[in-house]
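Start at 1 and go down the list; that is how both ligands and their atoms are numbered.
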Amino acid sequence: MSVRDSAEWQALAAHHRELGDRHLRDLFAEDPGRGTDLTVRAGDLYLDYSKNRLTHETVRLLAALADRVGLRERTEAMYRGEHVNATEDRAVLHVALRDPRTSGLQVDGHDVNAEVHEVLGRMADFADRVRGGAWTGHTGERIRTVVNIGIGGSDLGPAMAYQALRDYSDRSLTFRFVSNIDPTDLAEATRDLDPATTLFVVASKTFTTQETLTNAREARRWLVEGLGGDEGAVAKHFVAVSTNAEKVADFGIDTDNMFGFWDWVGGRYSFTSAVGLSLMVAIGPERYREMLDGFHTMDEHFRTAPWEENLPALLGLVSLWYVDFFGAQSQAVLPYSQYLARFPAYLQQLCMESNGKSVALDGSSVDVATGEIVWGEPGTNGQHAFYQLLHQGTVLVPADFLGFAQPGDLARDRDLGDMHDLFLANFLAQPRALAFGRTAEEVAAEGTAPDVVPHRVMPGNRPSNAIVAPELTPSVLGQLVAAYEHRVFTQGVVWGINSFDQWGVELGKVMANQLAPKLQSGTAPEYDADSSTNALVRLLREGRGRPA
Ligand SMILES: O=P(O)(O)OC[C@H]1O[C@](O)(CO)[C@@H](O)[C@@H]1O
C-alpha cells in the first residue's frame, strides 16, 4: 500500500486543508509560548522550528506518520547492520564509524567496531607522523602540503569539514582538494607546490572513478618528473583511501599505505571513514575523535528520542510537510558562518543523491513527491544575492538558518566580537522578516507613496528553521552533519525509497566513456550519437584543432 493511502497521510492532508493558508503572524499571536515550545535540544544543538507553518497538532500527525511507516524499526534495522540498502544488498553502517565501542557489533561475520578502530588507529599514527615531521618525502624533507584527490563523497566531506574546522587545523600545513577532471583543477592546485614536500591522499571507495584516477595519474606524473624521474618516490608521496585493495595495488600505491573501509559505507556517508584522513591530518587525531563523538551523540539521540523531541526526525518530517503538502521543491541551507561555505554543497550530495528517487523499494513508481533541490550560500552573502526571491518571489522555499553564538578563536583573538554581533543580528532578522513580513498598512504608515506600497509589502509566512550552537567546534560539526544524515534517512523511510543507492548517476558515466575516444581520436570519428551530441562533438573537435 502506498503511504499516501494511509490514514496518517490522509489526516495530514485534511489538516493541511485547514491550516494551509494560516499566517505565521496569526499562529504566533494565538500561541504566545510557540517560540519556546516548538523547539528541541540535542547535544549542543538547539532547533527552533516555531517559524514553520505548523502547529503542535501537525507535529503530532507527522510523528504518527513516522510510526506508521516503521521509522523506529527501520532505524534499528540500519543500526543492527541489516541489509537495508536492498538494491545493492548491503548493510548501511556509517553510524558504526563513530561508535566509541572498540568491539561488539557483528555484521556478515565481521566485528565491525574492531575493524573500524583498527583503521582509526592507523590513521591516527599516520596523521601524527605527518604533523610531527616523522613522515618525510623522498628527499627526506617533511611534508608541507597535503592534496586530497577524490570526488563526490570522497571529496565533499573532508573539503567541507577542513574549511569548517580551519580554526582547529595545523596552520603550518597547507591542504588542497582536487576533484574535477577539468585539468585546471589539478594544475591550479599544484602550480606553486614543491613535489618534495607534497603528499597526495587519493580517496576513492571503488578506485575506479574516472575523475579521481585521471587526476591521480597526472599527479603521479607531476611528482615523479619533479623528483628526477624516480618511480620509487611514489611510496613516500601517495597514500590511498579505498575499499578496493586490488585496484589500489594496480594503480601502483603500496597497500601498506592504504587506509581501508567497507562496502557498508556509502560514498556520501563516508566522511567519518578513512575518507576523513586529510581532515585528521589537519586537525589531529584528538580533535577528530571529538568530531566523531559529536556524530555519535546525534546518532544516539536519533535512535532513542521520541519523534516529537527528535531533532533530525523533526527536520526530516517538517521538510516533508512542505514537499508533499505545500508542493515545495527546494530547501535553502543558509549557514551564518563563513567556515561553513561548503556545507550547502556537501548537503547537496547527501540529500539529492540519497533521495532523488522516483521508484519505491518494491520497484513500483512512487506516487508522492520525493527529494528536494538543496542549495544555499553563507549569510550575509546570500542576502545580497538571492534573498529577494525568498522574501517576495512566488515560490515557497523553506530555509534552514544556522548560527553560532561565538565566532571561533581566530576572530575572538582579534577582538572582533562586535562584528560578530552584527552578523548574528542578520541571522535573527532574516527569518523574522521572512515569517512576519510587513503589511500594506504598515508600509503606507511610513509615508510610502501609494503606487509604491504594493512593491514594498513583504508577504511573510515564509517558513524557516533556526539551528543554533554555542560555537562551530569539531563536535558541533559532527552533530550537525549527523543530524542531516538522519534527516535524509527519515524522509527516505516515509517516502518508501532506498536512500543508499545512486543508480541515476551511472548512465552519464557510461556515455562519457563512449564519447571520450570520439574527442581524442586523431582522425574524424564516426558520428553515431544523436544529432545534437554529434554537432557538439564536431564543434569541440574544431575548437581543439582536430579534424572534424
Ligand atoms: O569514492 P568513489 O568510488 O570514487 O566515488 C565517488 C562518488 O561517485 C558516486 O558513486 C557517484 O557520483 C558517489 O556516490 C561517490 O561519492
Side-chain angles (χ1 to χ4, degrees), residues 84-94 97 119 123 147-162 177-182 185-186 200-220 238-253 255 258-279 342-357 371 373-374 481 484-485 488-489 492 497-513:
V84 296
N85 176 357
T87 59
E88 295 180 318
D89 192 19
R90 286 175 184 167
V92 175
L93 271 174
H94 43 278
L97 297 169
V119 176
M123 288 167 64
V147 181
N148 190 87
I149 299 180
I151 196 164
S154 298
D155 165 72
L156 286 163
M160 175 278 290
Y162 168 65
F177 295 83
V178 173
S179 52
N180 203 325
I181 198 170
D182 179 342
D185 199 9
L186 180 70
F200 291 96
V201 175
V202 185
S204 174
K205 179 177 170 181
T206 55
F207 232 77
T208 57
T209 304
Q210 187 196 51
E211 292 88 338
T212 301
L213 290 193
T214 309
N215 273 319
R217 264 192 296 272
E218 280 310 309
R220 186 173 61 188
F238 274 80
V239 298
V241 172
S242 187
T243 59
N244 193 339
E246 204 182 315
K247 294 275 181 206
V248 168
D250 286 352
F251 180 84
I253 296 178
T255 47
M258 170 180 154
F259 299 85
F261 58 112
W262 308 270
D263 70 357
W264 43 259
V265 185
R268 54 195 171 275
Y269 298 89
S270 68
F271 129 57
T272 47
S273 72
V275 165
L277 185 65
S278 310
L279 177 70
R342 292 291 285 158
F343 194 55
Y346 172 78
L347 289 185
Q348 281 178 333
Q349 187 197 14
L350 180 65
C351 301
M352 293 163 77
E353 197 166 76
S354 295
N355 285 344
K357 313 279 166 68
I373 301 159
V374 175
V481 174
Y484 277 93
E485 287 176 344
V488 166
F489 178 71
I497 57 179
N498 181 3
S499 300
F500 302 109
D501 62 12
Q502 59 284 318
W503 300 105
V505 298
E506 296 304 321
L507 181 60
K509 292 184 193 173
V510 171
M511 288 185 173
N513 283 331

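Residue Thr212 has no nitrogen or oxygen atom sitting less than 3.5 Å from a nitrogen or oxygen atom of ligand 1, judged on distance alone.
Closest to atom 6 (C) of ligand 1, if we only count protein heavy atoms, is Ile151 O, 3.2 Å. When only non-hydrogen protein atoms are considered, atom 10 (O) of ligand 1 lies nearest to Lys509 NZ, 3.8 Å. Annotation: atom 16 (O) of ligand 1 to nearest protein heavy atom, Gly153 N, 2.7 Å. In terms of protein heavy-atom proximity, atom 12 (O) of ligand 1 is nearest to Glu353 OE2, 3.2 Å. When hydrogens are left out, the protein atom nearest atom 3 (O) of ligand 1 is Thr206 OG1, 2.6 Å; that is the closest non-hydrogen contact.
Between Thr208 and Leu213, the closest heavy-atom pair is CA-CD1, 3.8 Å.
When heavy-atom distances to ligand 1 are checked against a 4.0 Å cut-off, Gln210 has no atom that comes that close, whether in backbone or side chain.
Atoms of ligand 1 found under 4.0 Å from any heavy atom of Gln349 (numbered from 1 in listed order, with element): 13 (C), 14 (O), 15 (C), 16 (O). Contact atoms of ligand 1 toward Thr209: 2 (P), 3 (O), 4 (O), 5 (O) (distance under 4.0 Å to a heavy atom of the residue).
The aromatic ring centroids of Tyr269 and Phe489 lie 6.0 Å or more from each other.
Taking CD1 of Ile151 as the start and CZ of Phe177 as the end, the distance is 14.0 Å to the nearest 0.5 Å. In this structure, CG on Asp185 lies 5.5 Å from CG on Asn180, to the nearest 0.5 angstrom. Rounding to the nearest 0.5 angstrom, the gap separating the CD atom in Glu353 from the CD atom in Gln502 is 5.0 Å.
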| request: Kindly determine whether Phe343 and Val481 satisfy side-chain contact (heavy atoms from CB on, under 4.5 Å), including the steps that lead there. | output: CA-CA 9 Å; Phe343 194 55; Val481 174; 4.0 Å; yes

| request: Begin with the C-alpha distance, continue with both residues' side-chain angles, and end with the deciding distance and a verdict on side-chain contact (heavy atoms from CB on, under 4.5 Å) for Tyr484 and Val374. | output: CA-CA 12 Å; Tyr484 277 93; Val374 175; over 6 Å; no

